[in-house]
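Below is one structure, written out as structure tokens, with a few remarks after it.
Here is the naming used below: chain letters follow the sequence lines, and residue numbers restart at 1 for every chain. Just so it is clear, the values below take in all heavy atoms, side chains as well, and ignore hydrogens, waters and symmetry mates. This is a predicted model, so every value here is computed, not measured.
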Amino acid sequence: MSTLLEVSGVSVSFDGFKAINNLSFQIGNAEMRAIIGPNGAGKTTFMDIVTGKTRPNEGRVIWGEKSVSLLKMSEAQIARAGVGRKFQRPTVFEDQSVFDNLLMALKKQRGPLSVLLYRKSEEDTAKVQELAAEIGLVDQLPRKSGELSHGQKQWLEIGMLLAQDPRLLLVDEPAAGMTPEEREHTTSILVEAAKTRAVVVVEHDMEFVRRLNCKVTVLHEGSVLAEGSLDHVTSNQDVIDVYLGR
Amino acid sequence: MRKSLFARNPSVLIFLTCLALFTLGVTVLSEAFGTDMISTSFVKTLGKTLCLCLIALAMDLVWGYTGILSLGHFAFFGLGGYMIGMWLMYERTRDIIVTSMANNPIPPTDSEVVAAIGNQIFGVVGSSDFPLIWGFSHSLTLQLILVVAVPGLLALIFGWLAFRSRVTGVYLSILTQAMTLALALYLFQNDSGLRGNNGLSGLQNLPGLDDVPQSVVSIWFLWASALALGLGYIFAAWVVSGKFGSVLRGIRDDEARVRFLGYSVEGYKLFIFTVTAIISAIAGALYYPQAGIINPAEIAPIASIYLAVWVAIGGRGRLYGAVIGAAFVSLVSTWFTGGQVPSIPLGFYTIDWVDWWQVVLGLSFVLVTLFAPKGIGGLFDLISGRTSPNRHGQDLGPGAGSLQEQEAES
Ligand SMILES: Nc1ncnc2c1ncn2[C@@H]1O[C@H](COP(=O)(O)OP(=O)(O)OP(=O)(O)O)[C@@H](O)[C@H]1O
Ligand SMILES: [Mg+2]
């Protein structure tokens, strides 16, 4: 399996505090990966680095077949290259309808002029409908997204992510604040997505991770502590120490 | 199915109808038409007000929709005025010089005429040579191009520098204030080439149209201003109605999120900043021929702050709100500062509205910001019954009905 994203030897410090310490990570096309780790382990910061929000002090972040470095690209360029991101706190555009949120995310030309001259085609409307069906929000399309429930906002954000049609999805705590049924639905959306693209899921909930049924990377104090199947990492003594010794 | 712009925005059609009726009404009641119910000077005030509505529209696009609180758009307005003023002043002075020299025994050469014009225009600043920037002032076409090009270029360069370094919020506002202040201070200098604090004057006289009375000219400008406002409104409605509008509002509400969707936020900001600068410049180019005079005080920082106040009072984030705010506040302001409002004697103190109007305006700005953030435009929501719940903040729990932070607190 070819590598899609390769992070190697990356370190970041905030005012002397090393949030990420010599971290290396790889993921291939069409792979699902869960990242777990205690609070403050650097999971969100890792996503910040890949998406260009935070610049590492050292290390490399290499992307795709052409092995381009993401470190020289802006957030928007990285997103256009095919990295989509869901934030820890659901961030949708609350004053706009669910439809407009999805339409904005739909993979299309992103330049100001082409967006200004953009005319919504039947095809795009159908695509949005299809996505809405996938995330279970068909009935909510005309509503303002600010009126949605917390779980629905999480889905909308996942829907926006899928609309971007990225090659790599970075999903930060997608199940936080969801009811058990909602969690199940979220799992199936992610598993479905991982059939055609790489998906990285950060999650605290072990039950959720178990259902994803994928390779797990454990982060601790900014570096990888263990990697492997969930059973493998949870039987690792270091991991047990970190989780119980807190 | 795709619907036309008008079908999607009924307010556009309503607005255009009101604007047309207004223009027609003023025309019919004007001195030029013969009814003489509205004085020429008041027609000019109304025409100028339409121009202010146009720049308010620009301000609403850049601030109300995109969230960039620019406090410098009057710099572009003023520059537009200066650009058209240069041609008006040059041509008009040339007409006068040529007429007066026509009686000379020897016909004047071209260079003599130009020298005489220079002497006439720049005498007040102790000079008689044409500065380089007047190079195109003999041509209406070229100056009209400059009306758009000069402010547009300034906005482009300024915006590029500011947005590229991700200056946002209050820092950007301060930066725009600095820009307009710097421009005003530069123009105040006598050797700026634009007659220092004297500014350009006599702009109400259209060259070659001496026979046309001001009453008629004022109506022409009223029409032109109304046309510009109408077109500006349609353009603005078009810009904000589609996906572009979605992106602008997205930038206003959460610009980082827009970036992660792959939109280059800086590019969009630069685009809207420059486009609104050009709209402002066109508004200025129509305003100053009606005002008759332009000087650097017009682009003092306070002017742009007033612009923000108009839009806030009218209701930002909706186009008609900006127009209503600008029209309402500037007309009331003219009324108060014009000395027509009787002073209130309190015995120990007399409230003179010319001075106290500023205080009233400031106070109403504060009150509107605190208690009616939707401004005057919000009244239309009451009529149309549009009372959408305004749910922001974090949810307190799963499920569609859960309260959100702010709701729970209140
Ligand atoms: N911008 C920043 N400035 C300073 N410190 C930061 C910044 N961002 C993150 N940190 C610190 O870096 C560490 C890692 O934070 P991060 O948000 O990546 O943790 P996390 O693994 O996502 O935790 P959680 O499970 O709570 O979301 C934390 O100690 C945090 O306080
Ligand atoms: Mg986190």
> With a cut-off of 6.0 Å (strictly less than), are more than 12 heavy atoms of other residues, nucleotides or ligands near CZ of A/Arg211?
Replying inline: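 Enclosed: over 12 neighbouring heavy atoms sit under 6.0 Å from CZ of A/Arg211.
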Taking the side chain as every heavy atom from C-beta outward, state whether [X] and [Y] have any atom pair closer than 4.5 Å.
{"X": "B/Lys243", "Y": "A/Asp100", "result": "no"}
{"X": "B/Arg257", "Y": "A/Arg85", "result": "no"}
{"X": "A/Gln96", "Y": "B/Arg249", "result": "yes"}

Hey, could you give me the [atom1]/[atom2] distance between [X] and [Y], rounded to the nearest 0.5 Å?
{"X": "A/Gln164", "Y": "B/Phe260", "atom1": "CD", "atom2": "CZ", "result": "10.5 Å"}
{"X": "A/Ser74", "Y": "B/Glu266", "atom1": "OG", "atom2": "CD", "result": "7.5 Å"}
{"X": "B/Ser264", "Y": "A/Gln77", "atom1": "OG", "atom2": "CD", "result": "8.5 Å"}
{"X": "A/Asp95", "Y": "B/Ser246", "atom1": "CG", "atom2": "OG", "result": "11.0 Å"}

> For the candidates B/Val265, B/Leu261, B/Leu270, which exhibits the highest count of non-hydrogen atom pairs separated by less than 4.5 Å from chain A?
Replying inline: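 Max contact count across the listed options: B/Leu261.
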>> Using modelled atom types and a 3.5 Å cut-off, is there a donor and acceptor pairing between side-chain atoms of A/Arg80 and backbone atoms of B/Gly262?
In response: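 Answer holds: yes.
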>> For B/Trp238 and A/Leu116: C-alpha separation, side-chain torsions, deciding distance, then whether side chain to side chain contact (heavy atoms under 4.5 Å, CB included) applies.
In response: CA-CA 9 Å; B/Trp238 175 65; A/Leu116 191 61; 3.7 Å; yes
> Heavy-atom distance under 4.5 Å to chain A: side chain of B/Asp253, backbone, both or neither?
Replying inline: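 Contact with chain A involves the side chain of B/Asp253 alone.
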> With only heavy atoms counted, which part of B/Tyr263 is less than 4.5 Å from chain A, the side chain, the backbone, both or neither?
Replying inline: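 Contact with chain A involves both backbone and side-chain atoms of B/Tyr263.
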> Which one, A/Gly111, A/Gly84, A/Ala105, A/Pro166, leads in non-hydrogen pairs under 4.5 Å with chain B?
Replying inline: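 Sorted descending by pairs with chain B, the first entry is A/Gly111.
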> chain B heavy atoms under 4.5 Å from A/Leu113: which part of the residue, side chain, backbone, both or neither?
Replying inline: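 Side chain only.
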